[in-house]
Every structure is written in C-alpha cells, then in structure tokens.
Amino acid sequence: MAIRIRYFASLRETMGRTSEDINPEGIATVADLWKVLDEGRPLPDRVLCAVNQEHATATTLVHDGDEVAFFPPVTGG
Amino acid sequence: MAIRIRYFASLRETMGRTSEDINPEGIATVADLWKVLDEGRPLPDRVLCAVNQEHATATTLVHDGDEVAFFPPVTGG
Amino acid sequence: MIQTISLRDHPFDPYAELSAFTTQLKAERQLYGAESHFIGTMRNFNEGAAVSTLWLEHYPGMTEGEIARIIEEERKNLGFGPALVIHRIGQVAPGEPIVVIALFSTHRRAALEGTQRIIERLKHEAPFWKKERTPQGDRWVESNTKG
Amino acid sequence: MIQTISLRDHPFDPYAELSAFTTQLKAERQLYGAESHFIGTMRNFNEGAAVSTLWLEHYPGMTEGEIARIIEEERKNLGFGPALVIHRIGQVAPGEPIVVIALFSTHRRAALEGTQRIIERLKHEAPFWKKERTPQGDRWVESNTKG
C-alpha cells in the first residue's frame, strides 16, 4: 500500500528528512509502520503520531493512501 | 457619640434619605445603631453594612466619628 | 506594581483601554508571558424582560477601596503582576461595557485564575447596585448570579 | 456561529484584532454579556537562558483542524458563542504575541472557563513546536508546562 510519511520538529532533524512516500507490505498499525521506517526499532514513547491529520496511537490502523505523521510532544501556545 | 449614616440603592429609597448625622446614646454595635434608626426593629438579614467603608456585620462595634453605611446585596460587575 | 482602578461615568472602548494600559507597562511588558482579560457588557435582556438602560449606583471611596483590596488579596494568593480594573457608574446603555479586568503574569495560571476570581469577588463584594429600566418600570436588580 | 482560526507569519496587534473581531459580530454582540481573552506573549527569558528569537513550526492543515476540534468540543461542554484564535507561526521576537484567544458567552462562566480550557488544550494537543535561539545555540523546547 502507498503511505505518505511526514516528520516534524526535532524528529524531522533526527530522521534527516521532512517527508517520504513508501509502499510497505504486511503492516497493519502505526507501530508496524514505524519499524519499517526506523530499521526495525520499536516506536519510542516520546514519539507521537497522527493519521490523516488526527492524533493517533501505536495501535491505530493504517490504510492505503493514508498520511502518517511522527513528531515530538507539542509546545505551542 | 457622633455617627454619620449613609444609605444606598433600594434601601436609600425605602428609608427616604441618603444620609443623616446622629448622636445616639448607649449603643455599642451596628445592630444597636440600626434599632435607633428603624424605630426599634432589628437589622434585617438582607440589609448589609459597612463601617468606615469596610464591610461589617451586625456585631461590629461603632465608635464616635464613624461612618456607617447600610445597603442591599451588591450587584455590580 | 503598575495598577489602575478607574470608575467611569461615560462609555469607553475596552480594546483601546487595554492597549493603552499595556503601552504604559513599557519594557516591563516582556516580563509577562500571560495576559488575561474579562469584559462584562450590558445585554438588552435580563430575566425575561427587555432592558432599555441601566443605572449603576456606587459608594464613592469604598467601591475603589474594595476593588483594591480584592486585587491585593488575590495577588498575594496567585502572584500576578500589573492589574487594570475599569467599571462603569451612572447610566449605561445596552451593548456598552460595564467592567473590564486585565491581569498580567509570568505564567498563565495566575492571570487566568486571578481574572476569574476578581470578577467573581467584585460581583459579590464591591459596592455597586444596578437599577434596570424596563417597559414594566424601573427595578433594582436584587442579586448577582453565581458564575 | 462566527468563528475565526488564523495562523500568522507576521506580528499583529492583539487589541486591534480583538476590536475587529467584535465589530464583525455586529448586533449579535448584544447577546453576549461576557467576553474573555487570553494573550500569550514571547518572553525574553525561558528556563534560565536569554532567548533572542523563537521559531514556531506547525503542521499545516492539522494545526487548524485541531484548534477547530478543541473549540467545538469545549463549546459543546460549556455553551459559549463566537470564538477567535490567532496563533503565530515562523519567526517570533521577544515581546510579540504568540497566541490570542477570545470567547463570547451569555453568562461569564462559559467564556472564562472556555478560555482557560482552550489555552490548556491548545498547548497539549495542537501541533506546534517551538525552537529557541539562545546565546548557547538553538534548542527545541521539549515540553509545555502545566498551568
């Protein structure tokens, strides 16, 4: 399936990229997706995520065409 | 002793006066003072008072030269 | 500590007042990351009756003193900085602001909670009395609502 | 319901924005006896270090969507009316406002509590990230404080 990945703030700097389009196989959740992106490592607690621009968790399901974002705790306001 | 009395809002209208200077004898508290002003009737619960421009109660002592005010519940803001 | 308590017998523009007060803080403004305001405005309806004008009576001297005391007590509790309170007296028309409160603080909690506590206490402790002019005649407002 | 959510990449005058929003309400303004504002401003000090400028990153689309969702949920709970939220993005200098919130309601509780809840939730739910430029170098702000 086709997934659009986005990274923000310190995580964007750590990952060394702003976004990427990937076509992973055999993944169901955000946690599965992260492993593909980060060389098999599990999703760290301090990394937050959104699916299609809504807050999500490690167990949120991802589908073909989704936009999935990863970012550190938010600090606006 | 000499006391300056002031009335506000609906109580001013009920009493028919804005202020008065009186020289009562044998009174100690705000409650005593009210009886002098209102033909011996006790201070009603709904009448609030201030002595020298600070909130007071029926048992607050009054002294020569004091300004004592009576008024209904406040409704500002 | 910069502080203004002002009773006004004429309409005022609350946004211009807030802007002017902030300007008065000058460089000190940068100490405060948080600023909280409350504006109470006269509605044209109250308890089911149309209200055409309001008369606000007060106790000159004590009213200002009570507002200052409330601010002082809350500042001691909460630790906010500069404070502005403007309150109308005399005749007020629908749509006109009656009260403006502004507080500045380093962190948001002091300004936000202080504003809430000051408007609540002002309504129950500061000597003001409202008389409403309605089509059924004049009536004194008997008490303020909680919250 | 009149509502504005606006992200700005340039400084703005919060008092002029509040005034303009109120003007936009026209006659509806008279329905609301209470109006509550919060302004968050950039200080020139944070956690012991002088801060010269701030960089505010956001997630275009999601940021506006999250703010709208927060307002909608709180409006359902509290029952306030018109709402304004302005938030800076990009480069911010000390003394410049970062966020402005304004709520209008019939009675004071909805506007006051709504303002407090919206700033709290915005700080913990809306996707913004602050990077500070200090004499010791740039650093990402790691988390927002409670209250």
Side-chain angles (χ1 to χ4, degrees), chain A residues 1-22 24 27 29-34 36-38 41-77, chain D residues 5 7-8 38-43 46-47 51 54-70 73 85-90 92 97-101 115-132 138-147:
Chain A
M1 58 183 167
I3 306 283
R4 169 83 169 170
I5 309 290
R6 304 183 68 169
Y7 302 105
F8 290 94
S10 57
L11 191 68
R12 173 175 50 71
E13 293 179 348
T14 309
M15 301 300 279
R17 49 199 190 269
T18 296
S19 64
E20 56 191 316
D21 293 303
I22 62 167
I27 69 138
T29 66
V30 169
D32 298 339
L33 181 62
W34 178 266
V36 173
L37 298 166
D38 197 27
R41 283 186 283 266
L43 182 67
D45 283 348
R46 67 180 188 286
V47 173
L48 306 181
C49 58
V51 174
N52 297 328
Q53 307 200 352
E54 292 187 4
H55 286 294
T57 67
T59 58
T60 302
L61 298 175
V62 295
H63 302 93
D64 185 47
D66 280 355
E67 175 176 295
V68 181
F70 296 98
F71 44 80
V74 303
T75 55
Chain D
I5 296 168
L7 303 183
R8 305 287 181 85
F38 178 78
I39 303 177
T41 296
M42 187 188 159
R43 285 175 298 147
N46 192 29
E47 288 174 19
V51 178
L54 199 65
W55 173 260
L56 260 162
E57 185 166 328
H58 76 297
Y59 186 167
M62 179 170 169
T63 303
E64 298 91 324
E66 277 294 296
I67 296 173
R69 186 182 59 81
I70 292 168
E73 289 179 10
V85 174
I86 305 174
H87 202 293
R88 282 293 300 280
I89 54 176
V92 183
I98 293 174
V99 59
V100 171
I101 297 171
T115 301
Q116 208 155 357
R117 288 191 53 80
I118 288 171
I119 184 61
E120 204 61 41
R121 292 189 59 182
L122 186 149
K123 282 181 172 264
H124 293 94
E125 298 172 35
F128 291 104
W129 300 273
K130 287 192 184 103
K131 192 177 202 175
E132 294 174 339
D138 293 359
R139 61 176 186 194
W140 288 99
V141 177
E142 294 198 352
S143 69
N144 266 334
T145 52
K146 270 273 177 206

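Protein chains get the first letters and strands the later ones, always in sequence-line order, with residue 1 at the start of each.
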Taking a cut-off of under 4.5 angstrom between non-hydrogen atoms, the residues of residues 1-13 of chain A near chain D are A/Arg6, A/Phe8, A/Ala9, A/Ser10, A/Arg12, A/Glu13
Taking a cut-off of under 4.5 angstrom between non-hydrogen atoms, the residues of residues 70-77 of chain A near chain D are A/Phe71, A/Pro72, A/Pro73, A/Val74, A/Thr75, A/Gly76, A/Gly77
Would you indicate whether the side-chain heavy atoms of [Y] and [X] approach each other to under 4.5 Å?
X	Y	result
D/His87	D/Leu122	yes
A/Val51	A/His63	no
A/Glu20	A/Leu37	yes
D/Glu64	D/Leu7	yes
D/Trp140	D/Glu57	yes

Which region of [X], side chain (C-beta onward) or backbone (N, CA, C, O), has a non-hydrogen atom less than 4.5 Å from a non-hydrogen atom of chain A, or is it both or neither?
X	result
D/Arg69	side chain
D/Lys131	side chain
D/Glu125	both

Nearest heavy-atom approach of A/Asp66 to A/Leu61 is OD2-O, 4.3 Å
Note: D/Arg88 and D/Leu56 closest approach over all heavy atoms is O-CD1, 3.3 Å
Does A/Arg46 reach the main-chain N or O of A/Pro44 with its side chain, forming a donor-acceptor pair under 3.5 Å? no
Any donor-acceptor pair under 3.5 Å from A/Gln53 side chain to D/Met62 backbone
yes
Is the closest basic N to carboxylate O distance between D/Arg121 and D/Glu73 below 4.0 Å? yes
Are there more than 12 heavy atoms of other residues, nucleotides or ligands under 6.0 Å from atom CG of A/Asp45?
no
